[in-house]
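Counting starts at 1 for both ligands and their atoms, in listed order. The structure presented is a predicted model; accordingly, all values stated were derived computationally and were not measured.
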Amino acid sequence: MTLPTTHVSFPAGAVTGESTVIAVHPLGDGRHAVVTGATPFHPLDHTWPDQPADLGTLTVDGTELAVVDCLTGAVGPDGGTPLVGADIPVRRGDEEWSWLVLHVVDTDPGDLLGRTAVLTVDADRRAALSASHSGCHLLALALNEALAPRWRKDPGRSDALGHPDFDSLAMATSVMDTEASTDTYRLGKSLKKKGFTADATDEFPALADALPALTEAVNARLAAWVAADAPVRIEVPGPELTARRQWHCELPEGGAQIFCGGTHLHHLGELAELRTELRLSEDGTELVAVTRPKRA
Ligand SMILES: [Zn+2]
């Protein structure tokens with residue numbers, strides 16, 4: 001028998017929960033993965049590992065175990081040990097497979113099967129990661145707007161606010177931690193072919209020279225959104241880990257949606273400030289945005 005896909009409560013912002021232990025798997029390095037039917041823990045996603053794992057504790061009958069990592073595990077139709085990371089041979093959410101939140105403990109927890117675990121996420125770390133993740137999506141929208149004049153033709157993909165979607169068309173990597181979100185964009189030939197120009201034109205200077213003004217424009221937009229205390233929610237089509245969730249923010253310019261598996265603020269007034277720094281890589285082929293939220 002294979003295990004059911006884990007039900008998750010982190011999209012609504014939960015940081016505590018109680019659930020039955022349905023499996024314990026040795027991970028081969030002394031560590032073990034504890035699987036429960038439901039969990040508030042946000043695991044590292046194996047296909048889009050932008051948001052780091054939640055940490056915290058798992059308590060069974062008064063014995064507390066530290067959750068030192070949290071991973072996405074996948075079990076095929078034939079059962080067996082969950083695969084993680086690059087070992088998973090199928091697409092995220094493949095319906096033939098079970099998708100599990102693996103709470104990693106660095107000891108042998110003994111026989112926990114069928115017992116009730118109290119699950120407690122490190123709430124401060126979660127809040128910091130949620131702030132960085134919301135900041136990441138807002139940066140995307142503000143940057144798309146600031147760079148919109150640099151598209152010489154319609155690249156065929158717009159964001160929720162109607163601007164050419166530089167963020168998704170140029171995205172190389174997106175990494176967040178408890179301090180910031182770092183988004184790296186590739187300014188290569190393919191972006192140029194789609195119509196984006198980093199060169200000087202009659203209307204604006206080369207991107208390198210425009211960075212201070214661009215940074216100022218993006219930061220002004222971010223500050224206005226924080227000041228508007230825009231509400232944020234995650235639209236959840238189902239309780240399963242693999243449900244296709246959507247970040248939704250009610251900005252003054254209109255509702256903005258982005259598909260997202262992470263955790264977020266409930267409203268932007270939870271921030272005192274959100275600022276980004278834009279720079280170009282030395283060879284000029286990458287634009288890097290480091291976006292730091294300051295929590296209120
Ligand atoms: Zn996201």
Side-chain angles (χ1 to χ4, degrees), residues 6 8-15 39-54 70-72 85 91-93 99 101 121 125-145 157-161 163 165-186 218 221-222 225-226 230-251 253-268 270-271 274-276 287-293 295:
T6 310
V8 294
S9 52
F10 62 78
V15 288
T39 186
F41 277 75
H42 173 262
L44 184 73
D45 191 295
H46 77 289
T47 44
W48 189 245
D50 57 349
Q51 181 175 335
D54 277 339
C70 192
L71 303 170
T72 299
R91 278 168 57 114
R92 179 185 191 278
W99 296 85
V101 174
V121 174
R125 174 182 162 85
R126 160 72 74 74
L129 292 171
S130 296
S132 291
H133 203 144
S134 291
C136 169
H137 288 318
L138 294 168
L139 176 272
L141 294 166
L143 187 62
N144 286 347
E145 179 186 0
R157 194 188 300 177
S158 302
D159 68 20
L161 299 181
H163 301 113
D165 200 347
F166 174 86
D167 175 79
S168 79
L169 290 163
M171 175 61 68
T173 59
S174 178
V175 183
M176 51 205 76
D177 58 27
T178 54
E179 303 292 320
S181 166
T182 302
D183 295 276
T184 303
Y185 302 99
R186 206 169 284 128
V218 169
R221 179 60 78 217
L222 294 177
W225 287 342
V226 168
V232 177
R233 66 176 193 276
I234 308 291
E235 280 170 6
V236 178
E240 299 84 11
L241 173 63
T242 44
R244 197 152 189 242
R245 291 179 288 274
Q246 222 178 6
W247 175 85
H248 187 102
C249 186
E250 207 53 56
L251 296 169
E253 293 80 3
Q257 298 82 245
I258 294 178
F259 281 106
C260 180
T263 69
H264 287 279
L265 303 169
H266 294 289
H267 58 104
L268 302 187
E270 290 170 58
L271 300 179
L274 179 65
R275 290 186 67 81
T276 197
L287 176 66
V288 182
V290 179
T291 309
R292 292 176 197 280
R295 285 185 286 151

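Listed by chain and residue number, Val218, Arg221, Leu222, Trp225 satisfy the side-chain contact (heavy atoms from CB on, under 4.5 Å) test with Ala142 (two or more places apart in sequence, or in another chain). Every side-chain contact (heavy atoms from CB on, under 4.5 Å) that Arg233 has, sequence neighbours left out, goes to Glu235, His248, Glu250.
Inside a sphere of radius 2.8 Å centred on the Zn ion (ligand 1), the protein N/O/S atoms present are His133 NE2, His137 NE2, Cys260 SG.
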In residues 236-244, what donor-acceptor pairs under 3.5 Å come from side-chain atoms, sequence neighbours left out?
none

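A distance of 11.0 Å separates OG1 in Thr276 from CG in Leu138, rounded to the nearest 0.5 Å.
The environment of CZ in Arg186 is sparse: at most 12 heavy-atom neighbours from other residues, nucleotides or ligands sit within 6.0 Å.
The pair Asp54-Arg126 counts as a salt bridge, with a side-chain nitrogen and a carboxylate oxygen less than 4.0 angstrom apart.
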